[in-house]
Protein chains: 2
Amino acid sequence: MSQTAESTGPRRAPTMADVAKLAGVSHQTVSRVLSDHPNVRDSTRAEVQRAIEQLGYRRNSSARALVTRRTLTLGVVACNPTLFGPASMLFGLEEAARDEGYMVSAVTLRRYTAKALEEAIDHLSDWGVEGIVVMVPHRAAVAALAELRLPFPVVTVEGGHNLPIAGVSVDQDLGARLVTGHLLAGGHRTVWHVAGPSDWLEAEARVQGWRAALEEAGAEVPPPLVGDWTPLSGYRAGQELAGRVAASSARRGAPEVSAVFVANDQMALGVMRAFREAGLSVPGQVAIAGFDDIPEAEFFAPPLTTVRQDFTAVGQASIRMLVSRLESGTTDGDERVVIEPRLIVRSSTTQI
Amino acid sequence: MSQTAESTGPRRAPTMADVAKLAGVSHQTVSRVLSDHPNVRDSTRAEVQRAIEQLGYRRNSSARALVTRRTLTLGVVACNPTLFGPASMLFGLEEAARDEGYMVSAVTLRRYTAKALEEAIDHLSDWGVEGIVVMVPHRAAVAALAELRLPFPVVTVEGGHNLPIAGVSVDQDLGARLVTGHLLAGGHRTVWHVAGPSDWLEAEARVQGWRAALEEAGAEVPPPLVGDWTPLSGYRAGQELAGRVAASSARRGAPEVSAVFVANDQMALGVMRAFREAGLSVPGQVAIAGFDDIPEAEFFAPPLTTVRQDFTAVGQASIRMLVSRLESGTTDGDERVVIEPRLIVRSSTTQI
DNA sequence: AGCGACATTGTTAGCGTTCACAGACATCTA
DNA sequence: TAGATGTCTGTGAACGCTAACAATGTCGCT
């Protein structure tokens with residue numbers, strides 16, 4: 001009259017032993033079936049498979065990780081994933097990781113301090129990640145990272161090239177040279193620049209490329225304005241620049257504003273609004289170029305000349321690098337992969 | 001002459017036993033220190049802490065998960081996280097999860113089929129997530145989800161209200177009514193609509209809200225155009241609409257195009273470009289409104305009237321719901337949290 | 001028949017934690 | 001001083017899996 005064991009309770013997930021008993025084999029045989037070991041008789045394999053299906057069995061990942069010493073999990077520290085760039089990287093990165101058989105756990109940073117970064121990494125370590133990708137192109141953060149000497153491989157994205165950390169990056173300098181060169185070739189005497197926050201490595205590299213391009217062309221280097229990547233900050237910078245356009249004939253000491261390279265597309269949008277409101281035509285009176293090629297850029301008024309970064313490729317490359325380090329057991333070394341950006345010319349810089 | 005055990009090899013991470021030996025206590029005491037158990041003498045605690053520091057010890061999460069049966073990991077299935085909406089939700093969600101002591105693992109969907117969703121969930125299950133948030137507002141996907149009967153709690157985001165699944169959503173219907181009402185109040189005889197893909201629940205709800213608002217106002221309901229959320233598709237729809245504006249006096253059967261409600265901001269951008277190219281002024285000849293309030297919307301030419309969704313709040317609410325279900329052990333029930341959207345009026349709909 | 005090689009299966013011992021329980025010792029009460 | 005209560009600490013057994021090895025059966029060959 002006894003039922004099949006307990007009938008109530010939040011019955012626990014079936015274990016390998018349960019499957020084994022049902023299939024009439026040992027738990028080890030079940031393990032062999034699950035890991036596709038060749039030496040299992042076909043009939044046995046079928047029997048085990050049936051038992052697995054019937055019980056809805058799934059391997060317990062914790063037990064497995066405990067004995068194999070592999071969590072198959074990678075960590076990512078991301079900055080503001082609301083922006084198109086970081087989001088795309090995360091997308092490509094996750095896909096690549098999954099293809100390699102890893103799971104990705106991401107932590108987003110609220111503040112860009114060394115402490116916040118350490119906390120984020122701590123959090124990931126607590127969960128046993130095997131390696132991490134740090135997507136925080138922020139000077140202080142990367143410097144802190146270099147100090148850290150973590151017990152697992154670390155790969156940075158846009159982490160700069162001065163530090164002994166492996167990483168993937170887009171050639172920001174080249175990108176900036178491309179746009180600046182393009183504007184100069186359009187006949188402008190010089191090119192103004194609205195930069196990103198000075199503690200962002202990407203912003204710095206773009207400033208450098210811009211400056212170098214101007215200097216090489218023998219053009220005057222106007223003082224760069226600084227924004228914070230948001231359209232609003234671009235708008236403010238745009239107002240400032242618009243004032244200079246109006247006053248340019250009267251003003252001494254700064255060259256005429258006829259071309260502006262803005263460090264990202266969002267700020268460029270803000271700049272264009274400011275110009276529009278000031279009655280300046282783009283590209284008629286002022287040419288504008290951005291950076292990133294967000295999906296909206298092609299539809300701005302006017303469509304924006306910009307530099308396309310293949311974010312997805314960056315994400316994928318970072319995973320490939322991380323996985324290869326994982327497999328080879330390398331924790332340090334400063335291997336670098338650089339991805340070339342591409343100039344996309346649209347009507348914000350070209351008179352029709 | 002014997003050294004302190006082996007000196008070479010990739011020495012394994014220290015374990016609790018190592019700490020215990022160094023501190024001269026049992027492993028259990030170490031465990032107690034780590035979990036802040038009160039009954040540990042202060043001097044012992046200090047000793048253990050020192051040993052932990054010295055060895056750089058970290059608790060092994062797999063072993064811990066194995067015995068406690070808690071992985072403290074939540075899964076997320078996201079659709080295209082490159083878009084502002086999904087990305088923001090992911091952001092808010094991760095932050096909320098971290099505050100609750102959970103780790104988040106995200107999987108992004110490449111295709112929106114039932115099979116792809118099942119694979120994604122399988123992937124997450126393999127890693128032992130305790131519950132998942134499904135952010136795929138796609139009809140087929142959500143329907144498949146309802147069939148699945150998973151052994152852990154599931155919360156949907158924008159999952160529609162016809163199915164017996166718990167979830168969080170923004171009141172899309174209300175949002176659409178707000179914009180449509182706003183446009184009608186602006187004196188337009190009717191409002192055209194550029195919808196999202198028909199198999200997206202959000203798109204459908206917006207169509208419904210728009211239609212209802214028109215019908216309640218006794219306005220004619222023009223046939224909705226359909227896009228795929230991208231600026232390009234909006235551009236195409238815009239060209240179509242621009243054609244109608246030009247031909248409107250001559251054409252029979254469809255009302256005049258003087259106001260358009262576009263189902264998201266990106267498409268609205270495309271529509272505006274098409275209108276600009278057709279020489280139509282916005283809002284002079286045609287008023288346009290979008291949906292989402294992406295950060296760029298305020299800086300479009302002209303700034304776009306739209307509906308703001310608090311994506312971050314949605315992400316947070318979904319985690320709260322998931323965690324509460326986790327704690328109460330609920331797997332089913334169709335609890336719903338609805339978040340109200342807000343109309344943001346800008347100059348794309350208001351004559352100055 | 002006897003032996004080796006191979007295929008197939010089972011047995012045992014961890015992996016590094018936490019939990020339940022059992023000691024040891026100190027302190028308080030009668 | 002005996003007993004009862006606490007406080008602190010240690011011991012042993014899980015948790016569910018894989019790895020190493022041992023045990024069986026099967027086949028072919030001499």
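Below, chain A is the first sequence line, B the second, and so on; all start at residue 1.
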Worksheet entry | Donor-acceptor pair between A:T108 and B:E94 side chains, under 3.5 angstrom | yes
Item to complete: Check the distance between D:dC17's P and A:H27's NE2 and give it to me in whole angstrom.
Response: 10 Å
Item to complete: Measure the distance from CE on B:M16 to C1' on D:dA14 and round it to the nearest whole Å.
Response: 16 Å
Worksheet, complete the sentence: From CG of A:D18 across to C1' of D:dG16 the rounded distance in Å is 10 Å
Worksheet item: Is B:N39 touching bases, backbone alone, or none of the nucleic acid, heavy atoms closer than 4.0 Å?
Response: base
Discussion item. If you only use heavy atoms from C-beta on, which nucleotide in D:dT18, D:dT11, D:dC17 is closest to the side chain of A:T15?
Written reply: D:dC17
Practice prompt. Using whole Å, report how far CG of B:N60 lies from P of D:dG16.
Written response: 16 Å
Worksheet item: What's the CZ-C1' distance between B:R41 and D:dG10, to the nearest Å?
Response: 13 Å
Response to the item:
By nearest-heavy-atom nucleotide on DNA chain C, the more 5' of A:S43 and B:S62 is A:S43
Worksheet entry | Salt bridge A:E118-A:K115, side-chain N to carboxylate O under 4.0 Å | no
Worksheet item: Is the closest basic N to carboxylate O distance between B:R325 and B:D334 below 4.0 Å?
Response: no
Practice prompt. Write down the distance between CZ (A:R58) and C1' (D:dC15), rounded to a whole number of angstrom.
Written response: 20 Å
Which atom pairs, one a donor and one an acceptor, fall under 3.5 Å between side chains of residues 28-35 of chain B and the rest of the protein, sequence neighbours left out?
| from | atom 1 | to | atom 2 | distance (Å) |
| --- | --- | --- | --- | --- |
| B:T29 | OG1 | B:S26 | OG | 3.4 |
| B:S35 | OG | B:S31 | O | 2.7 |

Discussion item. Any salt bridge linking A:R98 with A:E95? Criterion: basic side-chain nitrogen under 4.0 Å from a carboxylate oxygen.
Written reply: no
Discussion item. Categorize B:S61 for me: base, sugar-phosphate, or nothing, with a 4.0 angstrom heavy-atom threshold over every strand shown.
Written reply: nothing
Worksheet item: Which is true for A:T44 with a 4.0 Å heavy-atom rule: it touches a base, it touches only sugar-phosphate, or it touches nothing?
Response: sugar-phosphate
Worksheet item: Rounded to whole angstrom units, what separation is found between the CG atom of A:L34 and the C1' atom of D:dG16?
Response: 12 Å
Worksheet entry | Salt-bridge criterion met for B:D126 and A:R59 (N-O under 4.0 Å) | no
Practice prompt. Using distance alone, with no hydrogens and no angle criterion, decide if B:T73 and B:S105 have a side-chain donor and acceptor under 3.5 Å apart.
Written response: no
Worksheet item: At under 4.0 Å, does any side-chain N or O of B:S26 touch on OP1 or OP2 of D:dT9?
Response: no
Worksheet item: What nucleic acid atoms does B:R69 come within less than 4.0 Å of, heavy atoms only: base, sugar-phosphate, or nothing?
Response: sugar-phosphate
Worksheet item: NA contact type, A:R32, heavy-atom cut-off 4.0 Å: base, sugar-phosphate, or nothing?
Response: base
Practice prompt. Give me the first and last nucleotide of DNA chain C, going 5' to 3', that has any atom under 4.0 Å from a heavy atom of chain B.
Written response: C:dG16 to C:dA20
